[in-house]
Amino acid sequence: MQKQKSVIAALSDELRRDISLGVIKPGDRLNIESLKRSYGVSHPSVREALSMLVGEGYVFFEESKGFRVQLPSKDEMRDSIRVRAELEALAFEWAIARSDLDWRSRIVAAHYALSEVEEQMVKNSRDMVLEWDMRNREFHMMISGNCGSQKLIELIKMQYDQSRRYRLMAHANDHSEVSRSRWIIKSGEEHRLLKDAVLAADVIAGQNILKKHITKAPLHVVDEPNSQLDNKIQTRA
């Protein structure tokens, strides 16, 4: 049973990645037999992984038509980043109230790991984007994770993970190296300021940085070659 869960988790990760990076296109039909062959897993594993992705908003299911990749939604993305920003700002305040040397040391370590990847992202963002997203998540959750509320932590994790598709789409579909490098450098500076706010126990500065950081580039409409879409959403935080 544990092995099957591991297979499903790994398959879910691969499908999230391939949907986010455009390997599987918005609106594409997800044929269970085809996915079974492509990913080398069992029929039940594919169905369970797809069901998980339905709950996360990557996929939708229609009776008699099966599974399809969910189309990007500007309204959904706008709502998600706004809620995430407010939740992380609240968690920041609570986390600072519980600050200690061990937590601050872990924040410094998480920031260092993220900054290392950000430096590589400037040179090669597409190959490093999955590693960056993981390190970015770890840094943000290291801050929020000290808030003392498991319910708040789970809400933040959910909002972060549900917006992951859009962050990866932004990197996959931004064909300008200059644009990507400029954004990465700016984001790295914001992460440094956020780390400094933690060390200084500056709640107001930290909350302001978080809200600006998460919502600074929520929606950039660009031409979409797929006729099923009117626009594409780019959001990166």
Side-chain angles (χ1 to χ4, degrees), residues 1-81 83-84 125-137 141 154-175 180 218-237:
M1 180 64 71
Q2 188 62 41
K3 182 178 180 181
Q4 184 179 359
K5 287 183 178 179
S6 298
V7 169
I8 293 167
L11 176 59
S12 298
D13 285 343
E14 289 187 70
L15 288 170
R16 286 190 200 95
R17 178 200 64 201
D18 290 346
I19 290 170
S20 298
L21 295 179
V23 177
I24 304 174
K25 304 295 184 184
D28 278 1
R29 183 168 178 264
L30 297 166
N31 181 275
I32 292 179
E33 286 301 320
S34 295
L35 293 175
K36 173 185 171 182
R37 292 192 298 270
S38 297
Y39 292 91
V41 294
S42 68
H43 186 286
S45 294
V46 173
R47 179 169 288 278
E48 188 160 346
L50 291 176
S51 297
M52 287 176 60
L53 297 184
V54 168
E56 295 175 14
Y58 283 82
V59 173
F60 68 96
F61 179 78
E62 291 182 301
E63 289 292 340
S64 76
K65 294 183 179 180
F67 295 94
R68 287 187 181 273
V69 177
Q70 187 68 265
L71 301 180
S73 165
K74 187 183 294 186
D75 290 339
E76 176 195 359
M77 195 60 238
R78 183 185 290 112
D79 194 33
S80 181
I81 62 171
V83 171
R84 180 189 157 203
S125 65
R126 293 195 183 190
D127 288 349
M128 295 302 300
V129 66
L130 294 176
E131 176 75 10
W132 168 80
D133 191 66
M134 180 185 74
R135 297 296 181 187
N136 188 61
R137 186 183 193 276
M141 292 312 305
E154 291 303 319
L155 287 171
I156 292 170
K157 284 181 178 178
M158 179 175 67
Q159 294 303 324
Y160 187 96
D161 292 344
Q162 287 184 347
S163 62
R164 182 174 190 252
R165 176 186 181 186
Y166 298 93
R167 283 190 300 278
L168 298 186
M169 280 175 61
H171 287 283
N173 295 299
D174 187 348
H175 301 295
R180 282 200 298 268
L219 300 168
H220 297 283
V221 178
V222 298
D223 291 336
E224 172 54 62
N226 188 327
S227 61
Q228 293 179 305
L229 299 178
D230 294 325
N231 56 60
K232 189 183 297 296
I233 302 164
Q234 289 192 13
T235 159
R236 298 172 281 196

Can you measure from [atom1] ([X]) to [atom2] ([Y]) and round to the nearest 0.5 angstrom?
X: Tyr58; Y: Asp18; atom1: OH; atom2: CG; answer: 11.5 Å
X: Phe61; Y: Ser51; atom1: CZ; atom2: OG; answer: 8.5 Å
X: Ser45; Y: Leu50; atom1: OG; atom2: CG; answer: 10.5 Å

Tell me, please, which residues at least two apart from [X] pass side chain to side chain contact (heavy atoms under 4.5 Å, CB included).
X: Gln159; result: Ser80, Val83, Arg84, Leu87, Gln162
X: Glu76; result: Ser73, Tyr166
X: Val54; result: Val59, Phe67
X: Arg17; result: Glu14, Leu21, Leu130

How far apart are the C-alpha atoms of Arg165 and Gln70, what are their side-chain angles, what is the distance that settles it, and do they pass the side-chain contact (heavy atoms from CB on, under 4.5 Å) test? CA-CA 11 Å; Arg165 176 186 181 186; Gln70 187 68 265; 3.9 Å; yes

For Leu53 and Ser12, work out which heavy atoms get closest and say how close. CD2-O, 4.3 Å

Compare every heavy atom of Arg68 with every heavy atom of Gly27, then report the nearest pair and how far apart it is.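 Between these two residues, the closest heavy atoms are O-NH1, 3.0 Å.
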
List, one per line, each side-chain donor-acceptor pair under 3.5 Å for residues 29-38, sequence neighbours excluded.
{"unit_1": "Arg29", "atom_1": "NE", "unit_2": "Lys65", "atom_2": "O", "d": "3.4"}
{"unit_1": "Asn31", "atom_1": "OD1", "unit_2": "Glu33", "atom_2": "N", "d": "3.0"}
{"unit_1": "Asn31", "atom_1": "OD1", "unit_2": "Ser34", "atom_2": "N", "d": "2.8"}
{"unit_1": "Asn31", "atom_1": "OD1", "unit_2": "Ser34", "atom_2": "OG", "d": "3.2"}
{"unit_1": "Ser38", "atom_1": "OG", "unit_2": "Ser34", "atom_2": "O", "d": "3.0"}

Holding to side chain to side chain donor-acceptor pair (under 3.5 Å), I want the full list of residues that pass it with Arg137, two or more places apart in sequence or in another chain.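 For Arg137 the side chain to side chain donor-acceptor pair (under 3.5 Å) partners, ignoring immediate neighbours, are Asp161.
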
Looking at residues at least two apart in the chain, or sitting in another chain, which of them share a side chain to side chain donor-acceptor pair (under 3.5 Å) with Glu154?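 Counting only residues at least two positions away or on another chain, Glu154 forms a side chain to side chain donor-acceptor pair (under 3.5 Å) with Gln150.
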
Take Met141 and Ile156 through the side-chain contact (heavy atoms from CB on, under 4.5 Å) test and state the conclusion after the steps. CA-CA 8 Å; Met141 292 312 305; Ile156 292 170; 3.7 Å; yes

With sequence neighbours excluded, residues passing salt bridge (Lys or Arg N to Asp or Glu O under 4.0 Å) with Asp13: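 Once residues adjacent in sequence are excluded, the partners of Asp13 under the salt bridge (Lys or Arg N to Asp or Glu O under 4.0 Å) criterion are Arg16.
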
For Tyr39, all residues meeting ring pair (Phe, Tyr, Trp, His ring centres under 6.0 Å), sequence neighbours excluded: none

